[in-house]
Amino acid sequence: MAIKLYNTLTRQKEVFEPLQPGKVSMYVCGPTVYSKAHVGHAMSALVFDIIRRYFLYRGYNVMHVMNYTDVDDKIIQRANQEGIDPIKLAERYIEEYRRHVADLNCLPATHYPRATQEIGQIISMIQNLGENDYAYAVEGDVYFRVTKDQDYGKLSGRKLEDMQAGARIGVDERKEHPMDFALWKSAKPGEPAWDSPWGKGRPGWHIECSAMNLHHLGEQIDIHGGGNDLIFPHHENEIAQSESLTGKPFARYWVHNGMMQLAGQKMSKSLGNLVTIEEFLAAHEGDALRMMVLNSSYRNPLTFGEDVIAQAESALERLRNALRPASGGQASPELQQQVEATRRAFEECMDDDFNSAGALGYLFELARTINQGKDAGQDVAGAQAALRELMTVLGLRTEKPAAQGAAAAPFIELLIEMRRELRAQKLWALSDLVRDRLAALNVVIEDSKQGTTWRWK
RNA sequence: GGCGUCGUGGCCAAGUGGCAAGGCAAGGGUCUGCAAAACCCUGAUCAGGGGUUCAAAUCCCCUCGACGCCUCCA
């Protein structure tokens, strides 16, 4: 069975064939670090983490590069407002982002290049483009000449004539064509700047990704990812730059995730309708967001809201409950067959453009099978191991991360022990009081024939 | 105006030609001192209209509606 994935470039699902057998090179556009990241950024990180984990599960060696844009107009503007160094500002948000991604249980990328660390590479690329007539300099700025690129627009399906260049923003009269875009921007006084053949300046937005790709992954890569808001102009321009330079197809598969929506609109910094990752994680665990992402298809918009979060949390709990220890039992060949069928169905879904919602459905069916097995006194350890494994493939934690009050455990157990005595003496009111008060402290108590268990809510 | 995505039960959502997965919520039941967890049972003909087909949620056309991109954006 082969993995199929939807390629924005061809607008269809294609069988994944890597450039090198057994290896996947994947580049994902990261954030511009000028303010706090929001759950939309988290969605993108989660989507590509899920994709990456699945490739790993299928035995591929994955090279995963995610960049930080750490120099641009907004960073400079924000730093000026705060009266601090732009590079410092970027550094601050990079650190924060890194923590968030870890909290979301995303595997760390293989490399995290930054624009400011690739200046040499960027300059030589621009020079090269200039020598081949793909770029021209005007007063210290350098632009890419879109008319020189035969297939410009192929990713986003646009023609130069159809684009209303400058419809919403004034056209720079110095450009040969309104759609020409900046490769290098001359510096104004006080801005971060690097020496270049065109004078002091800094790279344009698109060129950094082309340069980082070339540097870290080579002239051609398997998968290039990012949010679908990057298709145009960012990824279009990356293709233009990279392919004009190397003469080779750049990325084989372009993969784009849909946008997180809030209040019926795309969540974005410019609109201001956002929930930061920090805010989300203060109230919920990262896996709740991951469940939301898994339960929908990554290419479609995902609506953010408290009701949907609550649903995801309940669903997550159901999966984890199925993993709670069972008390031995009879081996069951039927159960084992079920497990194998689940695994096949799971893979079939994930193979089909990472249909995580479908795959998740089979995990819930497996959970039910496990619970039924428990009731029937069967040995469900093997089924639980499979569920645990497949949850991990999706990046779900099989247990709730240890709560803050871990030190309270001995005291909780003491209370449970005393409550056992109360129950033995049928002092129901008192024993229920203990349970209720613990519940108020987010400790859930459950009685069963095997005894009493507790866990953090 | 151009390019693109989408509209499935109360909510989230898979399915993209052959009797509509799964989760959450709800109601009924079993178990339990009670509760929780768990198990069993109950519910949609797929925005609307037309067409193709033996057969359509699934293909084609039209209408309505939502959203994204065309400026920075995951």
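Proteins get letters first, then strands, A, B, ... in listed order; numbering begins at 1 in each.
Pair check for B/G1 finds B/C70; Watson-Crick or G-U wobble, both atom distances under 3.5 Å. Pair assignment for B/G7 gives B/C64, based on Watson-Crick or G-U wobble hydrogen-bonding distances that are each under 3.5 Å. Remark: B/C59 base-pairs with B/G51; criterion is Watson-Crick or G-U wobble with both hydrogen-bond distances under 3.5 Å. B/A21 is unpaired under the Watson-Crick or G-U wobble criterion, no partner having all donor-acceptor distances under 3.5 Å.
Residue pairs meeting the salt bridge (Lys or Arg N to Asp or Glu O under 4.0 Å) criterion with at least one member in residues 25-48 of chain A, sequence neighbours excluded: A/K36-A/E96, A/K36-A/E278. The salt bridge (Lys or Arg N to Asp or Glu O under 4.0 Å) contacts involving residues 361-384 of chain A comprise nothing, where partners must be two or more places apart or lie in separate chains.
Residue contacts shown for A/E313 are absent, as no nucleic acid heavy atom lies under 4.0 Å away. Within 4.0 Å of A/M291, counting heavy atoms only, lies no atom of the nucleic acid at all. Across all strands, A/S314 comes closer than 4.0 Å only to sugar-phosphate atoms, never to a base (heavy-atom distances). Among the heavy atoms of the strands, none lies under 4.0 Å from A/M292.
In this structure A/R344 satisfies the side chain to side chain contact (heavy atoms under 4.5 Å, CB included) test together with A/E340, A/A341, sequence neighbours excluded. Listed by chain and number, the residues in a side chain to side chain contact (heavy atoms under 4.5 Å, CB included) with A/D353 are A/L5, A/Y6, A/K13, A/Y298, A/R299 (sequence neighbours excluded). Remark: A/E347 engages A/Y57 in a side-chain hydrogen bond (donor to acceptor under 3.5 Å, both in side chains) (not counting sequence neighbours).
Other residues, nucleotides and ligands contribute over 12 non-hydrogen atoms within 6.0 Å of the CZ atom of A/R92. Around CD of A/E279, the count of heavy atoms belonging to other residues, nucleotides or ligands within 6.0 Å exceeds 12.
In this structure, A/K185 fails the cation-pi test against A/Y143, since its NZ or CZ atom is not both closer than 6.0 Å to the six-membered ring centre and inside 45 degrees of the ring normal. For the pair A/R318 and A/F364, the cation-pi test (distance below 6.0 Å, angle within 45°) is failed.
Residues from residues 221-233 of chain A that place a heavy atom under 4.0 Å from any atom of RNA chain B, listed by number: A/G226, A/G227, A/N228, A/D229, A/L230, A/F232, A/P233. Less than 4.0 Å separates RNA chain B from at least one heavy atom of each of the following residues of residues 30-41 of chain A: A/G30, A/P31, A/T32, A/H38, A/G40, A/H41.
Side-chain rings of A/H224 and A/F250 approach one another, their centers coming within less than 6.0 Å. In this structure, the ring of A/Y93 has its center no less than 6.0 angstrom from the ring center of A/Y34.
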Worksheet item: Could you run down nucleotides 36-47 of chain B 5' to 3' and tag each one B, S or - for protein heavy-atom contact under 4.0 Å?
Response: BSSSS-------

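Residue A/R158 has its side chain nearest to B/C3 when only B/C12, B/C3, B/C24 are considered.
If you take CG of A/L262 and C1' of B/C67, they are 14 Å apart, rounded to a whole angstrom. A straight line from CE of A/M43 to P of B/G68 spans 14 Å, rounded to a whole angstrom. The CG-C1' distance, from A/L433 to B/A35, rounds to 14 Å in whole Å. Between the P atom of B/G2 and the CE atom of A/M179 lies a distance of 17 Å, rounded to the nearest Å. Protein atom CG of A/L289 is 17 Å distant from nucleotide atom P of B/C12, rounded to whole Å. The interatomic distance linking A/D307 (CG) with B/G23 (P) rounds to 19 Å, in whole Å. Separating the CD atom of A/Q261 from the C1' atom of B/C69 is a distance of 13 Å, rounded to the nearest angstrom. In this structure, the OH atom of A/Y362 is 14 Å from the C1' atom of B/A13, given to the nearest Å.
Look at the C1' atom in both B/A74 and B/A38: the space between them is 40 Å, to the nearest Å. Here, B/G17 and B/C6 have their P atoms 15 Å apart, quoted to the whole Å. For the P atom pair drawn from B/C67 and B/C12, the interatomic distance equals 15 Å after rounding to whole Å. Nucleotides B/A35 and B/G28 are separated by 13 Å at their P atoms, to the nearest Å. With P as the reference atom, B/A56 and B/G50 are 14 Å apart, rounded to whole Å.
Contact check on A/D287 versus A/R320 returns a salt bridge, with a Lys/Arg side-chain nitrogen under 4.0 Å from an Asp/Glu carboxylate oxygen.
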Could you give the side-chain donor-acceptor pairs of residues 302-315 of chain A under 3.5 Å, partners two or more places apart or in another chain?
from, atom 1, to, atom 2, distance (Å)
A/E313, OE2, A/H284, ND1, 2.8
A/S314, OG, A/A310, O, 3.2

Under 3.5 Å, side-chain donor or acceptor atoms of residues 419-429 of chain A against the rest of the protein: list the pairs with distances, not counting sequence neighbours.
from, atom 1, to, atom 2, distance (Å)
A/R419, NE, A/S431, O, 2.9
A/R419, NH1, A/D447, OD1, 3.1
A/R419, NH2, A/D447, OD2, 2.8

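Counting heavy atoms from C-beta on, the side chains of A/E413 and A/W454 come closer than 4.5 Å.
Nearest-nucleotide positions on RNA chain B place A/T303 closer to the 5' end than the other of A/T303 and A/R435. Closest-nucleotide positions on RNA chain B for A/M259 and A/G264 were compared, and the one nearer the 5' end corresponds to A/G264.
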Check: protein-nucleotides 26-32 of chain B nitrogen or oxygen pairs below 3.5 Å:
none

Could you list all N or O pairs between the protein and nucleotides 14-16 of chain B that sit under 3.5 Å apart?
from, atom 1, to, atom 2, distance (Å)
B/A14, OP1, A/S297, N, 3.4
B/A14, OP1, A/S297, OG, 3.0
B/A14, O3', A/N355, OD1, 3.4
B/A14, O3', A/N355, ND2, 3.1
B/G15, OP1, A/N355, ND2, 3.1

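Between the side chains of A/Q338 and A/T342, no donor N or O sits under 3.5 Å from an acceptor N or O. A donor-acceptor pair shorter than 3.5 Å can be found between the side chains of A/N321 and A/R324. No hydrogens or angles considered: a donor-acceptor pair under 3.5 Å links the side chains of A/H235 and A/H256. Checked by atom type, the side-chain pair A/N67/A/E208 shows a donor-acceptor distance below 3.5 Å.
Side chain A/Q311 to base B/G23: a donor-acceptor pair is found below 3.5 Å. In this model, no side-chain donor or acceptor of A/K266 finds a partner on the base of B/C67 within 3.5 Å.
In this structure, A/W428 packs face-to-face on the six-membered ring of B/G33, meeting both the 5.5 Å centre cutoff and the 30° plane limit.
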